[in-house]
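Since the structure comes first, as structure tokens, the remarks are kept for the end.
Sequence lines set the chain letters: A, B, ... in the order given, protein chains first and strands last, and positions in each chain run from 1. Every heavy atom of this structure was used, including side-chain atoms; hydrogens, water molecules and symmetry mates were not.
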Amino acid sequence: MNSIESQLSDWSARAFREAFPGEDLSVASIGVSPTVDESFGDYQCNAAMGLARILRKKPRDIAQAAIDASGSHPLIAGVEIAGPGFINITLNDSELAGYLENLQADKRLGTPQPGGGRTIVMDYSSPNVAKPMHIGHIRSTVIGNALDRMYRFLGYRVIADNHIGDWGTQFGLLILGYRHFLDRDSMERSPVEELERIYVKSYERSQEDEAWRNQARAELVKLQKGDPENVALWEKFVGLSMSEFEKIYQRLDVSFDVVNGESHYRDCLAGIVDELEEKGHAVESEGAMVVFLDDLKLPPCIVRKSDGGFNYATTDLATIRYRIEKYHPDAIVYVTDERQQLHFRQIFAIAERMGCSSRMEHVWFGLMRLPEGTFSTREGNVIRLERLLDEAVTRALSIVRETSPDMSAEKQEAIAEAVGIGAVKYADLSQHPQSVVTFKWEKALALDGNSAPYLQYACARIASVRDKYAERHPDVDPSDYPVRLDHPMERRLAMRLVRFPEAVTRAANQFKPNILAEYLYEISQAYSTFYQNVPFLKAEDGVRESRMRMCILTESTLRLGLNLLGIKTPDRI
RNA sequence: ACCCCGGUAGCUCAGCUGGAUAGAGCAGCGGACUUCUAAUCCGCAGGCCGCGCGUUCGAAUCGCGCCCGGGGUACCA
């Protein structure tokens with residue numbers, strides 16, 4: 001089924017084309033959008049004003065001409081010209097009600113699948129081995145995963161690839177440090193934390209001890225040449241880190257199709273540089289192999305260091321090459337923080353020169369920082385992700401215990417987990433991705449107002465109403481009754497529910513989950529108002545059933561939407 | 001110095017390809033639980049949309065300049 005907005009947009013566009021044949025109308029959007037104020041009707045078209053200059057006519061006359069040419073549409077009850085030339089459209093209530101009835105039967109809530117099976121590789125999360133995940137990793141993981149889910153829903157074949165940092169110069173220091181500083185007890189207790197401690201200590205020593213530095217480099221070379229002992233250690237580090245990451249991903253309900261870390265491409269790096277050199281893209285400069293991008297006003301990009309080593313640019317190019325050969329993607333999407341913008345502009349430009357024709361997209365987000373400034377492992381002011389999640393769940397649990405004291409402890413804990421984790425995720429997802437986030441506990445853990453629990457609460461209330469209804473009217477199926485939109489609050493809710501396809505599509509197209517989050521929040525608000533002011537179960541026969549249908553449709557919209565954001569919806573909270 | 005972001009209510013932020021009186025949440029004040037879950041709802045108050053100029057019938061939104069904050073700028077990722 002086509003969304004109401006798309007049907008009306010088609011109708012309006014056709015009207016303008018028929019009223020002004022042969023004219024170029026592309027300067028203005030001739031579709032419709034929801035009205036800014038419900039007193040203007042349901043949908044509005046602003047094209048007449050935009051076209052006034054081109055058509056050299058008065059906007060109101062243009063609007064009138066379009067309306068005259070439009071013909072009727074079953075969904076439309078009335079059309080009016082207002083102000084300078086707005087065309088305001090009011091929907092036919094019974095058609096709207098009928099549309100909602102159909103919507104209830106549609107699992108996709110009217111959303112098309114523009115992906116058509118095309119492939120998108122999504123690169124997100126990408127933590128580093130031997131470092132615990134901290135709050136800086138949550139944005140890439142949570143935003144990336146929400147985009148992943150949305151694109152799958154829109155019919156794309158998504159390959160979620162966790163490009164973990166499992167290869168690089170840090171392993172020389174780590175191997176050396178491991179042999180000297182290992183504390184077996186803490187390794188037993190918290191392996192990744194211990195690895196990090198070892199690394200930091202080894203790094204510090206390297207700053208003042210040249211012999212140490214050289215030794216670390218030697219260990220790195222041994223690892224790269226396949227020395228069995230160092231390779232075994234490296235594998236151990238990777239394994240320990242991965243199982244730690246896995247725990248967090250499980251709690252966050254995030255999963256990947258493939259985990260090809262940087263090490264996966266280590267044997268392709270020399271080939272990439274050779275190819276760049278053969279094709280004349282890379283040249284030697286100051287002892288390094290460099291691709292100059294002056295024509296794009298970008299600084300040069302080093303693909304092989306003067307010491308012969310490769311860097312992340314080379315790895316990323318090899319990764320693109322691999323992904324194209326393996327998956328033939330329509331697009332490759334990277335979700336990383338803002339600091340990598342220049343890097344990806346360089347990489348994309350070079351990949352293009354190498355013949356890559358896939359669309360490449362860098363979705364960047366603002367860096368997370370603390371009120372006192374940026375954090376770094378070395379300064380030791382990082383907040384571990386696990387701690388954030390635990391804290392969130394603990395706070396949620398204390399509220400669950402208060403509000404549902406008669407519930408079993410396991411149930412309380414399960415709900416607290418869903419609510420706490422949901423709150424943390426939503427705090428990120430409801431914000432414009434590119435805004436800079438200053439981490440504050442109260443904000444990340446908000447459990448009221450515009451927050452995940454607010455949305456989850458609405459779902460839980462509906463589930464509860466639904467159960468009570470089934471209890472009292474076991475033999476009645478509300479779907480046998482028509483939907484009626486008598487109450488203004490009911491109609492307001494209906495007008496929001498109908499907009500689901502646009503919310504998802506826009507959020508995905510713009511890589512902005514906050515668009516979907518805001519939409520879901522509006523639905524919950526409309527529902528909460530409805531719930532608080534209009535009786536359902538006590539309404540008369542027929543009205544009761546119609547309202548139950550509205551509840552059920554609201555529930556499926558919220559559940560589907562929250563699911564696309566990766567947020568769980570328990571039946572009670 | 002250059003490049004990329006941001007500056008909207010006391011605080012945290014939305015604001016879609018320019019559109020009608022600029023919206024939420026938190027905090028503040030005042031109301032609503034014998035009823036379908038009060039993690040809720042209703043009401044009040046709160047704004048030279050950083051500053052200036054320009055484009056336009058119309059600018060928080062687009063362009064230019066300036067101020068302030070953040071990030072980046074050849075061998076870390």
Side-chain angles (χ1 to χ4, degrees), chain A residues 28-29 31 33-37 39-40 44 46 49-50 52-53 58-59 82-86 88 126 128 165 168-170 262 285-290 292 297-307 309-313 315-316 336-343 345 364 366-367 369 374 396 399-400 402-404 419 423 430-432 434-438 440 442-443 446-451 453-454 456-458 460-469 472 502-503 506-507 509-510 512 514-515 517-518 521-522 525 528-529 531-539 547 551 572-573:
Chain A
S29 159
S33 54
T35 48
V36 291
D37 186 314
S39 67
F40 299 137
Q44 62 182 74
N46 304 336
M49 282 98 72
R53 167 171 291 240
K58 287 182 188 153
F86 296 102
N88 291 335
S126 314
N128 289 319
T169 49
Q170 74 268 31
E262 291 167 0
S285 170
E286 297 174 33
M289 285 306 290
V290 177
F292 285 95
K297 292 184 179 162
L298 292 173
C301 179
I302 291 178
V303 291
R304 193 178 66 209
K305 301 188 281 183
S306 50
D307 67 1
F310 304 103
N311 55 13
Y312 63 116
T315 305
D316 276 338
T336 82
D337 72 60
E338 58 185 327
R339 291 173 303 183
Q340 304 202 24
Q341 288 176 83
L342 174 57
H343 169 245
R345 273 164 64 192
W364 58 269
L367 203 57
R369 70 201 67 220
T374 50
I399 297 179
V400 178
E402 239 172 75
T403 53
S404 309
V419 169
S430 60
Q431 199 146 161
H432 185 118
Q434 297 179 351
S435 62
V436 172
V437 174
T438 301
K440 292 195 183 107
E442 322 84 73
K443 200 181 149 197
L447 300 174
D448 55 8
N450 186 356
S451 67
Y454 180 87
Q456 291 169 322
Y457 184 61
R461 272 174 153 179
I462 297 171
S464 174
V465 171
R466 194 166 31 74
D467 290 350
K468 285 241 159 61
Y469 179 86
R472 295 183 199 177
E502 279 75 27
R506 251 181 49 221
N509 285 344
Q510 297 179 36
K512 285 171 64 182
N514 70 304
I515 290 175
E518 195 179 335
Y521 179 63
E522 277 178 24
Q525 270 184 319
S528 295
T529 298
Y531 174 92
Q532 204 82 208
N533 294 291
V534 180
F536 305 162
L537 296 180
K538 272 172 239 144
R547 288 185 180 156
C551 284
R572 341 219 129 240
I573 82 164

Would you measure the distance from the P atom in B/U55 across to the matching atom in B/U17 and give it in whole Å?
24 Å
I want to check one thing: is the phosphate of B/G15, taken as OP1 and OP2, less than 4.0 Å away from some side-chain N or O of A/N514?
yes
Hey, does A/L447 reach any base, or is it just sugar-phosphate, or nothing, if we go heavy atoms under 4.0 Å?
base
If you measure from the ring centre of A/Y521 to the centre of the six-membered ring in the base of B/A24, is it under 5.5 Å, with the planes under 30° apart?
no
If the C1' atom of B/C51 is compared with that of B/A59, how far apart are they to the nearest Å?
16 Å
Remember a base hit wins even if backbone is also touched, and classify A/G168 as base, sugar-phosphate or nothing at under 4.0 Å, heavy atoms.
nothing
A/F86 vs A/F40 side-chain heavy atoms within contact, under 4.5 Å
no
Whole-Å distance between B/C5 P and A/R339 CZ?
18 Å
How is A/E442 classified with respect to the nucleic acid when contacts are heavy atoms under 4.0 Å: base, sugar-phosphate, or nothing?
nothing
Ignoring hydrogens and angles, answer whether the base of B/A39 and the side-chain atoms of A/Y457 contain a donor-acceptor pair closer than 3.5 Å.
no
Examine the base of B/U12 for any acceptor or donor lying under 3.5 Å from a partner atom in the side chain of A/K440, and report the outcome as yes or no.
no
Nearest non-hydrogen partners of A/T35 and A/Q44, listed with the distance:
CA-OE1, 3.2 Å
Does a side-chain N or O from A/S29 land closer than 4.0 Å to OP1 or OP2 of B/G18, or not?
no
Can you check whether A/S404 has a side-chain N or O nearer than 4.0 Å to OP1 or OP2 of B/U37?
no
Please determine if a side-chain N or O atom of A/S464 lies less than 4.0 Å away from the OP1 or OP2 oxygen of B/U37.
yes
Under 4.0 Å between any heavy atoms, over every strand shown, what does A/N509 touch: base, sugar-phosphate, or nothing? Just pick one.
nothing
Using a heavy-atom cut-off of 4.0 Å across all strands, would you classify A/Y531 as base, sugar-phosphate, or nothing?
base
Side chain of A/T403, base of B/A38: donor and acceptor closer than 3.5 Å?
no
So what does A/I573 hit on the nucleic acid, given a heavy-atom distance under 4.0 Å: a base, only sugar-phosphate, or nothing?
base
It should be established whether A/Q431 places a side-chain nitrogen or oxygen under 4.0 Å from OP1 or OP2 of nucleotide B/C13.
yes
Identify whether the distance between the nearest side-chain nitrogen and carboxylate oxygen of A/D467 and A/R472 falls below 4.0 Å.
no
Compare side-chain N and O positions of A/K443 against OP1 and OP2 of B/C13 and report whether any pair is under 4.0 Å apart.
yes
Do the side chain of A/N533 and the base of B/A32 come within less than 3.5 angstrom through a donor-acceptor pair of N or O atoms?
no
Looking at every strand, decide which applies to A/T529 at a 4.0 Å heavy-atom threshold: base, sugar-phosphate, or nothing.
sugar-phosphate
Applying a 4.0 Å non-hydrogen cut-off, can you work out what A/K512 is touching in the nucleic acid: base, sugar-phosphate, or nothing?
sugar-phosphate
Can you find a heavy atom in the side chain of A/I302 that is under 4.5 Å from one in the side chain of A/E286?
no
Base, sugar-phosphate or nothing for A/R472? Non-hydrogen atoms, less than 4.0 Å.
sugar-phosphate
Pairwise P distance for B/A24 and B/A45, with rounding to whole Å
13 Å
Heavy atoms only, 4.0 Å cut-off, all strands: where does A/Q44 land among base, sugar-phosphate and nothing?
base
Nearest whole angstrom, please: distance from the C1' of B/A77 to the CD of A/Q341.
15 Å
Do A/Y469 and A/F536 come close enough that some side-chain heavy atom pair is under 4.5 Å?
no
Tell whether A/E286 reaches the base of B/A74 with its side chain through a donor-acceptor pair below 3.5 angstrom.
yes
P atoms of B/G52 and B/G30, separation to the nearest Å
38 Å
Determine whether the aromatic ring of A/Y454 stacks with the base of B/A39, defined as ring centroids separated by less than 5.5 Å and ring planes inclined by less than 30°.
no
Looking only at the side chains, is there a donor atom on one of A/D37 and A/S39 sitting less than 3.5 Å from an acceptor on the other?
yes
Would you measure the distance from the P atom in B/G25 across to the matching atom in B/C42 and give it in whole Å?
9 Å
Does A/S285 reach a base, just sugar-phosphate, or nothing at all? Heavy atoms under 4.0 Å.
base
Assigned partner base of B/U21, Watson-Crick or wobble definition, under 3.5 Å
none
C1'-based separation of B/C53 from B/A14 [nearest Å]
28 Å
B/C62 to B/G7 separation - P atoms, rounded to the nearest Å
10 Å
When all nucleic acid strands are considered with a 4.0 Å heavy-atom cut-off, which category describes A/V465: base, sugar-phosphate, or nothing?
sugar-phosphate
Could you check whether any side-chain heavy atom of A/R572 comes within less than 4.5 Å of a side-chain heavy atom of A/S404, counting everything from C-beta outward?
no
Beyond-backbone contact of A/S528 with A/Y454, side-chain heavy atoms, under 4.5 angstrom
yes
Is there, by distance only and without an angle test, a donor paired with an acceptor across the side chain of A/R461 and the base of B/C36 below 3.5 Å?
no
Which way is the base of B/C57 turned, syn or anti, if we draw the line at 90° from 0?
anti
Can you see if the side chain of A/H432 gets near the phosphate of B/G6 - specifically, an N or O under 4.0 Å from OP1 or OP2?
no
Side-chain contact check for A/E338: nearest option of B/G71, B/A77, B/C36 is B/G71
Kindly indicate whether the side chain of A/T169 and the base of B/C76 share any N or O donor-acceptor pair separated by less than 3.5 Å?
no
How would you label the contact of A/V437 with the nucleic acid (heavy atoms, under 4.0 Å): base, sugar-phosphate, or nothing?
nothing
In whole Å, measure the gap between the P atoms of B/U35 and B/G43 for me.
23 Å
Have a look at A/V436 and say if it touches a base, only the backbone sugar-phosphate, or nothing, with a 4.0 Å heavy-atom cut-off.
sugar-phosphate
Polar side chain donor-acceptor pair, A/E338 to A/W364, under 3.5 angstrom
no
